[in-house]
There are 2 protein chains.
Amino acid sequence: MKYKRKKRLTPEEYANGVIAGNRVILSRAITLIESRHSDDLILAEKVLELILPHTGGSLRVGITGVPGVGKSTFIESFGKYITSRTLKLAVLTIDPSSQISGGSILGDKTRMEELSNDPLAYVRPSAAGNALGGVNHKTRETMLLCEAAGFDVILIETVGVGQSETTVKGIVDFFLLLMLAGAGDELQGIKRGIMEMADAIAITKCDNDNIHQGKLAKAEYQNALHLFPPAETGWSPKVMTCSSLQNEGLDNILEDILSFEKHMKSKGYFQSNRQQQNLHWMHETIDNYLKRAFINNPNVTQQMDTLENEVIQNKLPAIAGARKLIELFNKKID
Amino acid sequence: MKYKRKKRLTPEEYANGVIAGNRVILSRAITLIESRHSDDLILAEKVLELILPHTGGSLRVGITGVPGVGKSTFIESFGKYITSRTLKLAVLTIDPSSQISGGSILGDKTRMEELSNDPLAYVRPSAAGNALGGVNHKTRETMLLCEAAGFDVILIETVGVGQSETTVKGIVDFFLLLMLAGAGDELQGIKRGIMEMADAIAITKCDNDNIHQGKLAKAEYQNALHLFPPAETGWSPKVMTCSSLQNEGLDNILEDILSFEKHMKSKGYFQSNRQQQNLHWMHETIDNYLKRAFINNPNVTQQMDTLENEVIQNKLPAIAGARKLIELFNKKID
């Protein structure tokens with residue numbers, strides 16, 4: 001899809017607008033961050049450097065769960081509960097099917113309609129792009145922009161089936177896992193290992209006929225969590241029930257997140273975790289660059305399929321295949 | 001420590017000796033594989049290419065558990081049970097404190113003494129080297145050599161506290177987690193996420209006063225495993241109790257591993273898993289090379305600490321730090 005790019009602002013105009021909480025400029029800055037144009041990359045970095053001293057003030061919360069668990073409805077209800085406590089809220093949602101066109105998102109208009117109209121809330125759907133599971137490669141920088149814009153809480157949604165949970169776990173303070181009661185294992189479908197990442201589990205749709213099942217599920221999951229080795233921080237994840245339809249249990253979830261923040265800050269883990277996340281993000285960015293440079297190298301590209309096949313078929317030792325590709329990579333390109 | 005290297009054999013001499021099941025040559029081939037001398041790297045690769053058509057026949061089993069769970073004792077008893085079934089067994093154990101000197105291992109003489117003297121068993125302790133948690137960077141190639149030497153079962157031990165479990169999970173067919181009954185969470189100490197990797201859990205030391213606690217723990221863990229999303233392969237991990245002292249429950253564990261093999265082979269997962277592991281190992285080897293080349297680049301080395309600190313202190317955006325280091329990496333070295 002071709003489109004004409006909007007005129008860019010100066011780095012200072014972006015940064016000052018964002019810091020002043022100007023929603024229009026915030027949205028344009030996010031579009032800039034998400035752009036893959038090489039001019040934009042440099043400009044985006046300058047904006048980030050300017051806003052950096054104004055970041056760090058939000059509570060960063062990741063929310064995940066499989067399709068069907070009621071993520072959008074939960075975020076709408078939970079978000080409205082948060083703003084009812086006069087906290088400013090930014091929501092970064094992922095819509096794998098959405099398309100970016102000139103910076104505005106087509107489709108996805110009907111999701112979280114009430115929250116979108118809430119003056120204390122800012123909802124930004126992101127096109128998932130190529131990222132499996134929906135985390136945009138610039139989600140972390142988008143979060144920093146929202147932070148500089150003065151939001152108290154940032155919710156980041158992922159779809160719970162891909163690599164994206166590990167990525168989100170690596171950029172948030174608190175990771176909330178939504179689960180269904182009594183859906184049976186096969187319907188839960190979340191990736192193995194995700195339960196152990198959770199700082200809390202919320203069982204959704206605990207209303208009407210589901211209340212009893214919800215309570216059973218809560219006890220079961222709480223039991224299961226006890227069997228996991230404890231986190232180094234001393235935090236024990238809770239299992240809570242909630243109903244987005246009847247606005248029940250949302251207060252408990254927010255209280256839990258706030259007491260987590262208090263616990264982590266009192267022990268010094270809050271800050272040290274963020275510092276490690278900064279460092280990790282830098283190295284992850286470097287690793288991604290190195291991998292891209294490798295697989296895009298024309299010498300490598302030419303031989304990759306053949307060598308991969310020989311290795312898969314056990315005709316060539318994996319380390320010999322690796323060495324051959326590395327030699328091709330280091331060879332001058334003809 | 002300085003030592004004179006033994007004279008190397010030709011690739012064909014190594015390969016033929018290994019394939020003939022000659023223990024002395026197998027040990028020398030493993031020493032060659034573990035060597036970091038650049039001549040040895042090429043020679044080792046040639047040996048691997050020659051033995052590759054003779055690999056694939058063993059059942060590869062990873063065993064993990066924290067210190068104190070009784071890993072060595074378990075492997076000794078379980079290993080002797082395996083050889084009592086006239087299966088040839090290789091055991092690759094990790095001794096973080098051991099030192100390699102001219103290819104022979106100092107210390108560690110008393111571990112698994114009986115098994116070491118069993119003519120059907122071959123025990124090879126590896127120095128952990130720099131690898132945290134004890135997996136040698138050449139464990140996979142060592143395993144392939146043992147496979148070519150005709151062992152039916154290969155047990156690979158890791159210490160259960162580091163990154164090494166993910167590595168071992170990526171090279172074995174079956175992953176067995178050893179746990180203590182009633183030790184309390186704080187004593188279990190295994191890394192989060194490891195329980196979800198297990199193809200079976202064995203509760204050790206279920207003898208004398210521990211029998212009752214063992215049964216309770218079995219029920220609890222079995223319950224917990226039910227809450228995990230099921231593996232794509234349809235395999236449900238079992239929890240079993242055993243006593244290495246009284247040689248109890250070892251038969252059940254071997255039966256479980258063999259029925260896992262049967263299950264996976266009948267569904268085609270056994271072979272496809274190994275093919276994916278081959279491919280994964282090649283890419284992991286490449287990634288390690290790229291990372292090493294990056295951090296050893298003199299321009300990068302010079303600036304790394306400074307930039308890391310600025311990123312940790314939030315003075316520089318992580319992606320800007322990454323870009324600066326990448327530019328240094330791509331710059332010609334003066």
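On a predicted model such as this, the values are computed, not experimentally measured, just so you know.
Options B/Arg323, B/Glu284, B/Lys46 differ in how many heavy-atom pairs under 4.5 Å they form with chain A, and the most are formed by B/Arg323. With chain B as the partner, the residue from A/Ile326, A/Thr285, A/Asn223 showing the most heavy-atom pairs under 4.5 Å is A/Ile326. Between chain A and the options B/Ile51, B/Leu52, B/Leu325, the largest number of non-hydrogen pairs under 4.5 Å is found for B/Leu52.
With rounding to the nearest 0.5 Å, the separation of CE in B/Met282 from NZ in A/Lys324 is 11.5 Å. Rounding to the nearest 0.5 Å places CG of A/Leu279 at 10.5 Å from CD of B/Gln313.
Take A/Thr233 and apply the side chain to side chain contact (heavy atoms under 4.5 Å, CB included) test, not counting sequence neighbours, and it matches A/Ala231, A/Trp235, A/Met264, A/Tyr269.
Between A/Ile312 and B/Gln275, the shortest heavy-atom contact is O-CG, 3.5 Å. Considering all non-hydrogen atoms of both residues, A/Ala318 and B/Arg140 come closest at CB-NH1, 4.1 Å. When all heavy atoms are compared, the tightest approach of A/Glu45 to B/Ile319 is OE2-O, 3.9 Å. Residue B/Glu49 comes nearest to A/Ala320 through the heavy atom pair OE2-CB, 4.1 Å, listed as atom of the first residue, atom of the second, then distance.
Sparse packing is recorded around NZ of B/Lys291, with 12 or fewer heavy atoms of other residues, nucleotides or ligands lying under 6.0 Å away.
Residue A/His283 touches chain B through its side chain alone, counting heavy-atom pairs closer than 4.5 Å. Neither the backbone nor the side chain of A/Asn288 comes within less than 4.5 Å of any heavy atom in chain B.
A/Phe329 has its side chain out of reach of B/Ile286: every pair of non-hydrogen atoms, C-beta onward, lies at least 4.5 Å apart. Between B/Asn314 and A/Asn278, some side-chain heavy-atom pair lies under the 4.5 Å cut-off.
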